[in-house]
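Side-chain atoms are counted along with the backbone in the values below, which use heavy atoms only and exclude waters and symmetry mates.
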Amino acid sequence: MEFPQHQKPADGKISYPPGVKEITDKITNDEVVKRLKMVVKTYMDMDQDSEDEKQQYLALALHLASDFFLRNPNKDVRLLVACCLADIFRIYAPEAPYTSHDKLKDIFLFITRQLKGLEDTKSPQFNRYFYLLENLAWVKSYNICFELEDCNEIFIQLFKTLFSVINNSHNQKVQMHMLDLMSSIITEGDGVTQELLDTILINLISAHKNLNKQAYDLAKVLLKRTVQTIETCIANFFNQVLVLGKSSVSDLSEHVFDLIQELFAIDPPLLVSVMPQLEFKLKSNDGEERLAVVRLLAKLFGAKDSELATQNRPLWQCFLGRFNDIHVPVRLESVKFASHCLMNHPDLAKDLTEFLKVRSHDPEEAIRHDVIVTIINAGKKDLNLVNDQLLGFVRERTLDKRWRVRKEAMMGLAQLYKKYCLHHEAGKESAQKISWIKDKLLHIYYQNSIDDKLLVEKIFAQFMVPHNLDTEEKMKCLYYLYACLDLNAVKALNEMWKCQNMLRSHVRELLDLHKQPTSEANSTAMFGKLMTIAKNLPDPGKAQDFVKKFNQVLGEDEKLRAQLEQLISPTCSCKQAEVCVREISRKLTFPKQPTNPFLEMVKFLLERIAPVHIDSEAISSLVKLLNKSIEGTADDEDEGVTPDVAIRAGLELLKVLSFTHPTSFHSAETYESLLQCLKMEDDKVAEAAIQIFRNTGQKIETELPQIRSTLIPVLHQKAKRGTPHQAKQAVHCIHAIFHNKEVQLAQIFEPLSRSLNADVPEQLITPLVSLGHISMLAPDQFASPMKSIVANFIVKDLLMNDRSIGNKNGKLWSADEEVSPEVLAKVQAVKLLVRWLLGMKNNQSKSANSTLRLLSAMLVSEGDLTEQKKISKSDMSRMRLAAGSAIMKLAQEPCYHDIITPEQYQLCGLVINDECYQVRQMFAMKLHLALVKLTLPLEYLAVFALCAKDPVKERRAHARQCLLKNISVRREYIKQNSMPYDKLLALLPEYVVPYMIHLLAHDPDFTKPQDLEQLRDIKECLWFMLEVLMTKNENNSHAFLRKMVENIKQTKDAQSPEDPKTNEKLYIVCDVALFVIVNKSTACHLESPKDPVLPTKFFTHPDKDFKNDKDYLPSEARTVLLTGKPKPTGVLGAVNKPLTRRPYTKSTPLETVSNISGNSEPSSPAGNRGREVGTEASELGVRENEEKHSPLNVLKADVEMKEENSEAGQGSGDQRGKNRVPTAPPANGSEDSTTAPNEKPLAQPVPTKPRRGRPPKLLASAASGAANASTAEKTPGTGAGRGRKRAPAQDSSGPTVEPIIIKIPKQQKETDSRPVDLQR
């Protein structure tokens, strides 16, 4: 399109306004400026309707566009000309007077250059520049350039100029005119070229944005105003770069993601067509590219007011998929984004939860760590931003395998607890939401890592009960925290205080060694103490060096020792402790060292031993809080606990602190409050109060006579008529704090001993407890009268008589409150016998032998000592547990251990295979605790091997943990203490093997030495122990084990040295053990470091003329044990399986029957085991697994289902667990009425005397089969097993064992999962 041709004046002369002379290059610049000003004034006054003037001054307009003016070096001339030209375009609009495209281009470029003058607002000419801008914008003069081919060059120059001159001194009008000018070009043109778009977008890049904030704002507003037009151009740009990969289309290609972020922040509709392109880039094969897109989208989705996630769900879902990206940095970036998203968009938490769950288990430590940081940061901002699931992820990570992750999780939870539970920043509802945190954090104290323990202690001191609070506030915090903790958390907190107190005692002993003269023994003792202290610090390896250095400093600096002594003094207050820690730290600080690991380690030690919470003032505050709870004036309800709970927890807290800080209790006010507690009805409260007196009252008699006179009658009353626990504590309290203890105890003993009456068992329990403890604490004073009481009352009158008939409900265990008073009295009678003997500590009167025989008889009779069948099954279980525990307790005393026979030891050990789950569980726990204290001889560790037979997985796992712990304790003790060789034999874990072999050789289940199933059982029991022993081959221990077993084969069984069958069983067990060792170790054939010493109590001395090189293990057995084919059944036939207890008779009719029936095909061991597993283990094992956390809760479902402890409908009441339905029909394939007569002879030889124990499997199967057959005839629909589904009545042709066979696979699966097979 050509511009219209304006007609020039006919004479060709230029008409100037009146008074304006001709403007030529002949005049000076000043004169040119003067004349141009008048021209400008003329044009300013003209409007578009002045046709005559327009024609008159047309030549002048053309003249002003000449090169003389456009290229004039004087800026004032150029400015005035530009103003004239702008007015000319206004006046002549819409048709410009200039016809040449080149001229128009020169004019607009000229005008654009003049706009740079807008930059200086303080210039005298600024108003003219502003007029120029305003005129151009108002008239939209630049729109004329659309007709030019290279108009883009003009627009680019214009945009660059405007963006470069804009600054913070410009007012709103300047910005508005610039926007008008540029937006008209964008909206009214045919499109925006890439170069022009770049001039706008470049101002959004961070570098330019920081240089000129006003240019950024101008570009932002311009984009918002022109969004409808420019969006297409922007989309095209990103499409070229993102999709087509044409980075050369623009210099801004490398900033593409930054631009998208800025554009989204300006106006999301600008990117309406770009978002699908980002979804494409999210799926790129280039990890770094995906990472860049994820970083971008994280900012877009996480922006505070962003609605992108709701508006573009496909992109959001695609983005969430990057949480599972294979590229670690991408996953890490995704997790970091989640924090902002949770804080800015709580509504998206649901979408994020599932992905954060997966990432909380990410193999990368940094990602798991950041998941925690993400959740905790959101939670600290507002707890409502994180749901229970997200907090659950943090909870899980407190047990992470990496310390950094665990620490972050623990510290994060601690911060939340302090903010919302301690300071109540978000109300009670939020505090309740995370009330579990306090328990969880304390549970971590159970972890083995010293780092975990130290962090829990730090968290407790800084976040749970902040040590910098005032004493009253601090104790109130502790008082109600203790009341709200769960049982395990309370135990952990108690253990924490115990560990800290123990460390204090170690430091105290170290300081005592410094006071002694230097000697070799002193140095050795000091070294051992330093090693012990180092174990209680992080990184024990490095800690050893630092502790040695600290010990050296202590030896050289007497003042430092004095400070440390004051710190660990029982009378040190919390404030004094802070001063001591500060002073010691100051003395060890070296200013020139930026980091001082030695000082850090010492601070760890000081923080653990310093009493930052408890002192006399703190105990006084706790007692006042307790008094308020008793009076009902405390804030118990506001703190979320009832007064009763607060009182009981407060007393328990004081009781625990009385062990660790006894000196802090010594005040009349404290003891007065405790006396009030003694008078309360709550038994637990009174018991705790007595124990506090016992722990802290050593000075009461001399310094507080008034308290003494009040306390004595109360203690007497509790010892005579209180609860059993109160009676025990009362007796011990009298013994601990009074000088005339003999008189006091006699005043209790005499009336109690005279009032014993077995006909009123309810009133017998407390006296028996008191008498037992009195006889233990003062044996010399009461030995003679106690012997009479034991002989005439305890044994003859109480234990040997059943006055009442027990509940015949068939349960094997009942809750404590359901146990009959008579049985409770009998249990206490057994304990009294043990305490009496433990007090005497000698066997001069042979009382211990009699007692052991009594306890053994109790086990043999299955707990029914009188064999009158009056006692219930559950009560019998109680008696068996009491008897087994009693033998174990006596074994801890050396003088009694020596007289315990191997038979009695075996009886005691087999309790761990008792038919009752609770008996097994409690006995195992007692066994473990005694062993781990090193008070029980090593031979009892062998008992754990029998746990391989337990059908309940959790029991086996618990037994294995006990083994690991005991072996670890023994090894560590040997390392830390030098000892003679004979004592080493009693501690070295490897020496448990002879005892284990002997115990297994006498296992009542081991009846047929060549039976493959029984050999497999033996192998499992052996491997259960050997697997733990052979974890490491320290000091060539594998060869030592092999040599030990080989040596046993050269001896005979000391229990029956002349019995070939007994010795054969012993040698077979040895061969199985050798088979296991050889197949599991390649180093066992090396030379043994020492020749093992065998216990003469169990094995005879080797006979020089006897060389036993026979292989007792048949090749078939070796193949079965080696290949490890799945067994068709489990180890035990039933959860509650009876145990054989006939150690006193060498041969019985039962054994004869066992031998006779050994070839009975229908009652083969394999078939019998199938029956046992099918009915009992598959049903009852599941039941027990469900109740693993609280075994006593098994009772609650008795009415609803048949369970492990039920014996309803049992065929033979006295043969518990022996009735087994045969798993295979007779040879003729039928079970008609002729079956019973054929089977009866097998059952006849069974002794009528009820026996405790696991019968030989073959015979038990056959005998119980006969009993069941006859019982089934009399009582249709009933079976013979406990806790088993009863087999329905069958006709003569229907096999009765079908349900049994169906059950087998379940036990197979469970058995196969155990790591016993040697070839796995």
- Query: Is it the case that S206 and D258 place a side-chain donor and acceptor less than 3.5 Å from each other?
  - Reply: no
- Heavy-atom side-chain contact between I202 and F163 under 4.5 Å: no
- Query: Between H424 (side chain) and C421 (backbone), is there a donor-acceptor pair under 3.5 Å?
  - Reply: yes
- Message: Please determine whether the number of non-hydrogen atoms from other residues, nucleotides or ligands lying under 6.0 Å from atom CZ of R404 exceeds 12.
- Response: yes
- Query: With the threshold set at 4.0 Å, does a side-chain nitrogen-carboxylate oxygen contact exist between R225 and D180?
  - Reply: yes
- When you check the side-chain N and O atoms of Y216 and E262, is any donor under 3.5 Å from an acceptor? yes
- Query: Cut-off 3.5 Å, side chains only: do D198 and Q194 have a donor facing an acceptor?
  - Reply: yes
- With L390, the side-chain contact (heavy atoms from CB on, under 4.5 Å) member among V394, V386, D388: V386
- Task: Starting from the C-alpha separation in whole Å, work towards a yes-or-no answer on salt bridge (charged side-chain N to carboxylate O under 4.0 Å, His left out) for D325 and R322.
- Result: CA-CA 5 Å; D325 198 279; R322 292 308 96 210; 2.4 Å; yes
- Message: Restricting to non-hydrogen atoms, name the atom on L416 and the atom on G379 that form the minimum distance, rounded to 0.1 Å.
- Response: CD2-C, 3.7 Å
- Heavy-atom closest contact (L132 atom, A82 atom, distance): CD1-O, 3.5 Å
- Query: For T161, does its backbone N or O pair with a side-chain atom of S164 as donor and acceptor, under 3.5 Å?
  - Reply: yes
- Message: I'd like to know whether NZ of K140 has more than 12 heavy-atom contacts from other residues, nucleotides or ligands below 6.0 angstrom.
- Response: no
- F108 and F155 aromatic centres sub-6.0 Å: no
- Does a donor on one side chain and an acceptor on the other come within less than 3.5 Å for N167 and Q214? no
- Working for side chain to side chain contact (heavy atoms under 4.5 Å, CB included), residues S306 and H345: CA-CA 9 Å; S306 171; H345 303 283; 4.1 Å; yes
- Rounding to 0.5 Å, atoms CD (Q114) and CD1 (I111) come to a distance of 8.5 Å
- Message: Do T112 and Y142 pair up side chain to side chain, a donor and an acceptor below 3.5 Å, judged on atom types alone?
- Response: yes
- Task: Verify the distance criterion only: is there a donor paired with an acceptor across the side chains of E364 and H369 at less than 3.5 Å?
- Result: no
- Note on the structure: The single option from H361, M410, R406, E408 that satisfies side-chain contact (heavy atoms from CB on, under 4.5 Å) with R397 is H361
- Message: What I want to find out is whether D102 reaches K105 closely enough, with some N-O distance under 4.0 Å, to be called a salt bridge.
- Response: no
- Task: Report the C-alpha separation of D267 and K220 in whole Å, then their side-chain angles, then the decisive distance to 0.1 Å, and conclude whether the side chain to side chain contact (heavy atoms under 4.5 Å, CB included) test is met.
- Result: CA-CA 9 Å; D267 196 359; K220 185 166 74 171; over 6 Å; no
- Query: Any side-chain donor paired with an acceptor under 3.5 Å for S339 and T374?
  - Reply: no
- Item | Between OG on residue S183 and CE on residue M178, distance to nearest 0.5 Å | 13.0 Å
- Query: With a 4.5 Å heavy-atom cut-off, do L204 and I266 have their side chains touching?
  - Reply: yes
- Task: For side chain to side chain contact (heavy atoms under 4.5 Å, CB included), just list the numbers for N324 and R359, CA-CA rounded to whole Å, side-chain angles, deciding distance to a tenth of an Å, and then say yes or no.
- Result: CA-CA 8 Å; N324 300 328; R359 294 285 62 80; 2.6 Å; yes
- Query: Rounded to the nearest 0.5 Å, how far does OG of S123 lie from OH of Y129?
  - Reply: 6.0 Å
- Task: Give a yes or no on whether the backbone of R395 and the side-chain of T398 come within a donor-acceptor separation of less than 3.5 Å.
- Result: yes
- Query: Mind checking whether F463 and M411 have side chains closer than 4.5 Å, heavy atoms only?
  - Reply: yes
- Message: Applying side chain to side chain donor-acceptor pair (under 3.5 Å) to N387 and T353, what does each step give before you reach the verdict?
- Response: CA-CA 9 Å; N387 54 42; T353 300; 3.1 Å; yes
- Inter-residue atom distance L85.CG - I107.CD1, 0.5 Å rounding: 5.5 Å
- Task: State whether the side chain of K350 and the backbone N or O of D347 hold a donor-acceptor pair below 3.5 Å, judged by distance alone.
- Result: no
- Message: Tell me whether R313 is salt-bridged to D351, with the criterion being a basic N under 4.0 Å from an acidic carboxylate O.
- Response: yes
- Close side-chain approach of D362 to V358, heavy-atom, < 4.5 Å: no
- Item | Under 3.5 Å: donor-acceptor pair, side chain of Y420, backbone of K380 | yes
- Message: Let's go through L383 and K419 carefully: what are the C-alpha distance in whole Å and the side-chain angles of both, what is the deciding distance for side chain to side chain contact (heavy atoms under 4.5 Å, CB included) to 0.1 Å, and is it a yes or a no?
- Response: CA-CA 10 Å; L383 193 59; K419 182 172 184 177; over 6 Å; no
- Under 6.0 Å from the CD atom of E188, do we count more than 12 heavy atoms belonging to anything else shown? yes
- Spatial distance of atom NZ (K336) from atom CG (N377) [nearest 0.5 Å]: 12.0 Å
- Got a second to check how far F237's CZ is from L263's CG, nearest 0.5 Å? 9.0 Å
- Message: Determine whether a donor-acceptor pair (N or O, by modelled atom type, separation under 3.5 Å) exists between the side chain of N239 and the backbone of A235.
- Response: no
- Considering all heavy atoms of both residues, which atom of V174 and which atom of L133 are nearest to each other, and what is their separation? O-CD2, 3.9 Å
- Task: Measure the acute angle between the ring planes of F319 and F323, then classify it against the limits of 30° and 60° as parallel, tilted or perpendicular.
- Result: perpendicular
- Item | Within-4.5 Å side-chain heavy-atom neighbours: F301 and C341 | no
- Message: Taking the six-membered ring of W138 as reference, does the cationic atom of R90 (NZ for Lys, CZ for Arg) lie under 6.0 Å from its centre and within 45° of its axis?
- Response: no
- Item | Residue pair L413 / W436, side-chain heavy-atom distance below 4.5 Å | yes
- Message: Keeping T199 on the side-chain end and L196 on the backbone end, is there a donor-acceptor pair under 3.5 Å?
- Response: yes
- Is there a side-chain contact between L109 and R113 (heavy atoms, below 4.5 Å)? yes
- Task: Would you sort out whether H177 and F130 count as a ring-ring contact (aromatic ring centres under 6.0 Å, His included), showing the intermediate values?
- Result: CA-CA 9 Å; H177 290 318; F130 176 75; 5.4 Å; yes
- Item | pair H170-F126: side-chain heavy atoms closer than 4.5 Å | yes
- Donor-acceptor under 3.5 Å (D370 side chain, I367 main chain): no
- Message: If we ignore hydrogens and angles and just use 3.5 Å, is the side chain of R295 paired with the main-chain N or O of E333 as donor and acceptor?
- Response: no
- Item | Check: E396 main-chain N/O paired with K440 side-chain donor or acceptor under 3.5 Å | no
- Task: Flag the pair D286 and R290 as a salt bridge only when some basic side-chain nitrogen lies within less than 4.0 angstrom of an acidic carboxylate oxygen.
- Result: no
- Task: Taking all heavy atoms of V371 and all of L356, pick out the closest pair and write down the distance.
- Result: CG1-O, 4.1 Å
- Task: Indicate the atoms forming the closest heavy-atom contact of A349 with L342, along with that distance.
- Result: CB-CD2, 3.6 Å
- Message: Minimum heavy-atom separation for L300 and L308, please, with both atom names.
- Response: CB-CD2, 3.8 Å
